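The structure under discussion appears below in the form of structure tokens.
Quick caveat: nothing in here was measured; it's all calculated off a predicted structure.
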Amino acid sequence: MQRPFFPTLPRQEGKMNGNAGEKSMKVFITGGTGFVGKTLTLALSREGHEVTILSRSGKGVERLPANVFLVEGNPTQKGDWQSTVKEND
């Protein structure tokens with residue numbers, strides 16, 4: 001049985017990003033499917049931030065929270081993924 005990419009955790013209700021009054025951010029993460037990247041992506045997502053992750057293949061991504069987006073590309077090469085970086089904070 002394959003484990004889900006992101007474990008299901010309860011969302012914090014009533015707070016946009018975990019700190020009342022603070023604005024959420026648009027975050028771009030390279031390595032979002034790696035060990036540290038998964039944890040960071042999940043934490044930022046739970047806090048209400050919009051997260052875009054860069055993945056070379058998109059493999060291993062079964063479910064993404066609603067505010068997490070996947071972009072495929074190689075971070076060591078120029079590509080269409082670079083325009084997505086400019087759209088983030």
Side-chain angles (χ1 to χ4, degrees):
M1 182 171 151
Q2 193 173 20
R3 289 180 23 192
F5 180 72
F6 290 100
T8 304
L9 297 173
R11 279 196 76 133
Q12 294 182 355
E13 297 298 327
K15 295 182 180 179
M16 184 168 200
N17 69 356
N19 297 314
E22 287 190 18
K23 215 169 120 176
S24 65
M25 293 175 42
K26 292 179 73 174
V27 182
F28 188 90
I29 300 176
T30 58
T33 58
F35 180 74
V36 174
K38 285 181 187 180
T39 304
L40 179 60
T41 298
L42 181 59
L44 290 169
S45 171
R46 286 182 56 215
E47 293 296 320
H49 299 290
E50 182 180 306
V51 182
T52 301
I53 58 175
L54 177 66
S55 173
R56 286 190 178 108
S57 67
K59 291 182 181 177
V61 181
E62 290 82 31
R63 294 182 306 204
L64 294 174
N67 57 341
V68 177
F69 305 93
L70 175 69
V71 173
E72 289 187 35
N74 186 335
T76 64
Q77 298 176 356
K78 291 182 179 182
D80 293 336
W81 66 269
Q82 290 175 308
S83 63
T84 307
V85 175
K86 296 175 185 177
E87 300 168 7
N88 292 271
D89 297 325

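- For the atom pair CD (Glu47) and CG (Leu42), the distance works out to 10.0 Å, reported to the nearest 0.5 Å.
- Summarising the geometry, atom CZ belonging to Arg56 is positioned 9.0 Å from atom OG1 belonging to Thr33; distances are rounded to the nearest 0.5 Å.
- In this structure, CD1 in Ile29 is found 10.5 Å from CG in Leu54, a value given to the nearest 0.5 Å.
- Phe35 approaches Thr39 most closely through the heavy-atom pair O-OG1, 3.4 Å.
- Separating the CH2 atom in Trp81 from the OG1 atom in Thr30 is a distance of 7.5 Å, to the nearest 0.5 Å.
- Hydrophobic cluster membership is shared by Val51 and Leu40, with clusters built from Ile, Leu, Val, Met, Phe, Trp and Tyr side chains linked at under 4.5 angstrom.
- Scanning for side-chain hydrogen bond (donor to acceptor under 3.5 Å, both in side chains) contacts around Ser83 gives an empty result, with sequence neighbours left out.
- For Asp89, the side-chain contact (heavy atoms from CB on, under 4.5 Å) partners at least two apart in sequence or on another chain are Met25, Lys26.
- Within the 3.5 Å criterion, the main-chain N or O of Thr41 finds no donor-acceptor partner in the side chain of Ser45.
- With rounding to the nearest 0.5 angstrom, the CZ atom of Phe28 is 12.0 Å from the NZ atom of Lys86.
- Panel note: side chain Gln82, backbone Gly79; a donor-acceptor pair is recorded below 3.5 Å.
- By the criterion of side-chain heavy atoms lying less than 4.5 angstrom apart, applied directly or through intervening Ile, Leu, Val, Met, Phe, Trp or Tyr residues, Leu70 is grouped together with Val27 in one hydrophobic cluster.
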